*Asks:* 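Structure below; questions to follow.
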Amino acid sequence: MPELPEVEVTRQSFAHRIAGARVLDMRLGKPLRWPLGVETPSLVGQQVQHVGRRGKYLLLHLSDGVLLLHLGMSGSLQFATVLDAAGVHDHMDLVTSQGTLRLHDPRRFGAVVWAPDLQAPVARKLLGRLGVEPLDDGFVAEHFHKALRLRRSPIKQVLLAGEVVVGVGNIYASEALFEAGIRPTVRADRLSLTRARRLHAAIRDVLSRAVAAGGSSMRDFVNAHGQAGHFQQTWAVYGRAGASCRVCGTPVRTLVQGQRSTFFCPQCQKP
DNA sequence: CACGGATCCTGATGGC
DNA sequence: TGCCATCAGGATCCGT
């Protein structure tokens, strides 16, 4: 579910309200998918310092370490002072002096991982190979082009892998490639500097517009106050197979790459 | 090492 | 209505 925009919208929706809170209790439900075998110590008494983000991970910085949260495909967070009893798909309640942060994730592809600091082995394992943050100044078109020249996979799969640039998931990969006029099947190392520049700009543009719109809500994404986003109304190609391209009218086509659906306009996006 | 495929889990949806 | 197949926003692991 959540790609970078949804994770960032979630972060922004509760970060300021939880900052400074004391942890009073932490309850964990069913185990999540990965990584296995990592023990979470008692966090009671620690203070929440700030909430950051790296790629699709939320980083809850506490007094003695960092709680890494990942929302997987179907996860969402809720932050409230009063909550109903936890349901079968609620896998974590972090009770604090300023409200309870609850992780809801039916498919359980998400993660809750404690690390004493970001240099700890578990944190390095999860974050160590991540690419550049697309909305930071460190995301530079020329560097992006250089990194793409080392990859022979189709550009869409390189974006999804997150080792060159993070946060671009299945929806925004199709959207950014449409905006850049690039066919998703083009080998990454065949992109000219000009086209890499266009893609670089498109990624920043699509992701920042999605954050401003509160993210995309397919079926169940909501921010920490339960509000849905509306960027899905703006999708140019994602989920629009057979419908007319908003630019040229050609039917949007779909194909499968690495077991994920890709959407593109065969007219606007050049091989 | 880079790459492609199988895999984890649950729920919604559509065809017959 | 019931049953089955397919698909869904992610990322890891494993074989080649």
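Because only heavy atoms are used, hydrogens play no part in the values below, and waters and symmetry mates are left out as well, while side chains stay in. Remember, predicted model here, so these are calculated numbers, not experimental data. Numbered from 1 within each chain, the chains take letters A, B, ... in sequence-line order.
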*Asks:* In chain order, what residues pass the ring-ring contact (aromatic ring centres under 6.0 Å, His included) check against A:F264, with sequence neighbours excluded?
*Replies:*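 By the ring-ring contact (aromatic ring centres under 6.0 Å, His included) rule, A:F264 matches no residue at all.
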*Asks:* Would you mind reading off the distance between A:D90 atom CG and B:dC9 atom P, rounded to a whole angstrom?
*Replies:* 19 Å
*Asks:* In whole angstrom, give the distance that lies between atom CG of A:L255 and atom P of C:dC7.
*Replies:* 13 Å
*Asks:* With distance as the sole criterion, do the side chain of A:R108 and the base of B:dC9 form a donor-acceptor contact below 3.5 Å?
*Replies:*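 Flag unset: no donor-acceptor pair detected.
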*Asks:* Check A:R27 with A:D93, please: is the shortest side-chain N to carboxylate O separation under 4.0 Å?
*Replies:* yes
*Asks:* Reckon A:K56 has a side-chain N or O less than 4.0 Å from the OP1 or OP2 of C:dA11?
*Replies:*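 Looking at the OP1 and OP2 atoms of C:dA11, one of them is under 4.0 Å from a side-chain N or O of A:K56.
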*Asks:* If you measure from the P atom in B:dG5 to the same atom in C:dC7, how many Å do you get, rounded?
*Replies:*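 Straight-line distance between the two P atoms is 16 Å.
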*Asks:* Salt bridge (charged side-chain N to carboxylate O under 4.0 Å, His left out) with A:R240: which residues, sequence neighbours excluded?
*Replies:*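 Checked A:R240 against salt bridge (charged side-chain N to carboxylate O under 4.0 Å, His left out); zero matches.
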*Asks:* May I have all residue pairs that pass side-chain hydrogen bond (donor to acceptor under 3.5 Å, both in side chains) and include part of residues 190-203 of chain A, sequence neighbours excluded?
*Replies:* A:E142-A:R197
*Asks:* Taking only N and O in the side chain of A:K125, is any of them less than 4.0 Å away from OP1 or OP2 of C:dC13?
*Replies:* yes
*Asks:* Whole angstrom is fine here: how far is it from CG in A:L159 over to P in C:dA11?
*Replies:*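 Rounding to the nearest Å, CG of A:L159 and P of C:dA11 are 13 Å apart.
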*Asks:* Distance between the P atoms of C:dT6 and B:dA6, in whole angstroms?
*Replies:* 14 Å
*Asks:* From CH2 of A:W235 over to P of C:dA8, roughly how many Å is that when rounded to an integer?
*Replies:*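 From A:W235 CH2 to C:dA8 P: 11 Å.
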*Asks:* Starting at the 5' end of DNA chain B, write a dot or bracket for each base, bracketing those in Watson-Crick or G-U wobble pairs whose two distances are under 3.5 Å and using | for partners on another strand.
*Replies:* .|||||||.|||||||
*Asks:* Should A:S261 be listed as having a side-chain N or O under 4.0 Å from OP1 or OP2 of C:dA8?
*Replies:*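 Yes, such a contact exists.
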*Asks:* Heavy atoms from C-beta onward define the side chain here; which of C:dG9, B:dG11, B:dG4 lies closest to that of A:Q157?
*Replies:* B:dG4
*Asks:* Rounded to whole angstrom units, what separation is found between the CZ atom of A:F109 and the C1' atom of C:dC13?
*Replies:*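 These atoms are roughly 14 Å apart.
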*Asks:* Please tell me whether A:Y172 and A:E179 have a donor and an acceptor in their side chains that are separated by less than 3.5 angstrom.
*Replies:* no
*Asks:* Return the nearest nucleotide to the side chain of A:S153; candidates are B:dT10, C:dG10, B:dC3.
*Replies:* B:dC3
*Asks:* On the nucleotide C:dG9, are OP1 or OP2 found under 4.0 Å from the side-chain N or O atoms that A:R260 carries?
*Replies:*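 Yes, because at least one side-chain N or O of A:R260 sits under 4.0 Å from OP1 or OP2 of C:dG9.
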*Asks:* For residues A:D90 and A:H104, is any side-chain donor paired with an opposing acceptor at under 3.5 Å?
*Replies:* yes
*Asks:* OP1 or OP2 of B:dC3 versus the side-chain N and O atoms of A:R152: is any pair under 4.0 Å?
*Replies:* yes
*Asks:* Could you check whether A:S63 and A:Q47, counting side-chain N and O atoms only, form a donor-acceptor pair closer than 3.5 Å?
*Replies:*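 No, no side-chain donor-acceptor contact under 3.5 Å.
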*Asks:* Taking only residues two or more places apart in sequence or in another chain, which ones pass ring-ring contact (aromatic ring centres under 6.0 Å, His included) with A:H50?
*Replies:* A:H61
*Asks:* Whole angstroms only, please: what is the CG-P distance between A:L130 and C:dT12?
*Replies:* 8 Å
*Asks:* Any side-chain N or O of A:H89 below 4.0 angstrom from OP1/OP2 of B:dG11?
*Replies:*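 A:H89 to B:dG11 OP1/OP2: side-chain N or O found under 4.0 Å.
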*Asks:* Can you figure out which of C:dG9, B:dG4, B:dG11 approaches the side chain of A:P154 most closely?
*Replies:*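 From the listed options, B:dG4 comes nearest.
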*Asks:* Looking at C:dG10, I'd like to know if its phosphate oxygens (OP1 or OP2) sit under 4.0 Å from a side-chain N or O belonging to A:H70.
*Replies:* no
*Asks:* Indicate, with a heavy-atom threshold strictly under 4.0 Å, whether A:Y238 touches base, sugar-phosphate, or nothing.
*Replies:* sugar-phosphate
*Asks:* Tell me which of A:E163 and A:P106 sits closer to the 5' end of DNA chain B, going by the nucleotide each one is nearest to.
*Replies:*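 Nearest nucleotide further toward 5': that of A:E163.
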*Asks:* Considering only heavy atoms and no angle criterion, is a donor-acceptor pair shorter than 3.5 Å present between the side chain of A:R151 and the base of B:dA2?
*Replies:* no
*Asks:* For the pair made of CG in A:L160 and C1' in B:dG5, what is the distance, rounded to whole Å?
*Replies:*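 Interatomic distance, CG of A:L160 to C1' of B:dG5: 15 Å.
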*Asks:* Closest to the A:Q259 side chain: C:dG9, B:dT10, B:dA6?
*Replies:*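 Among the listed nucleotides, the one closest to the side chain of A:Q259 is B:dA6.
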*Asks:* What nucleotide among C:dT12, B:dG11, C:dG9 has an atom nearest to a side-chain atom of A:Y57?
*Replies:*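 My answer, after comparing the listed nucleotides, is C:dT12.
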*Asks:* Could you name each residue pair satisfying side-chain hydrogen bond (donor to acceptor under 3.5 Å, both in side chains) that touches residues 77-88 of chain A, not counting sequence neighbours?
*Replies:* none
*Asks:* Give one of base, sugar-phosphate or nothing for A:G169, where a contact means two heavy atoms less than 4.0 Å apart.
*Replies:* sugar-phosphate
*Asks:* When the distance from CD of A:E6 to C1' of C:dG10 is rounded to whole Å, what number comes out?
*Replies:*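 To the nearest whole Å, that distance equals 12 Å.
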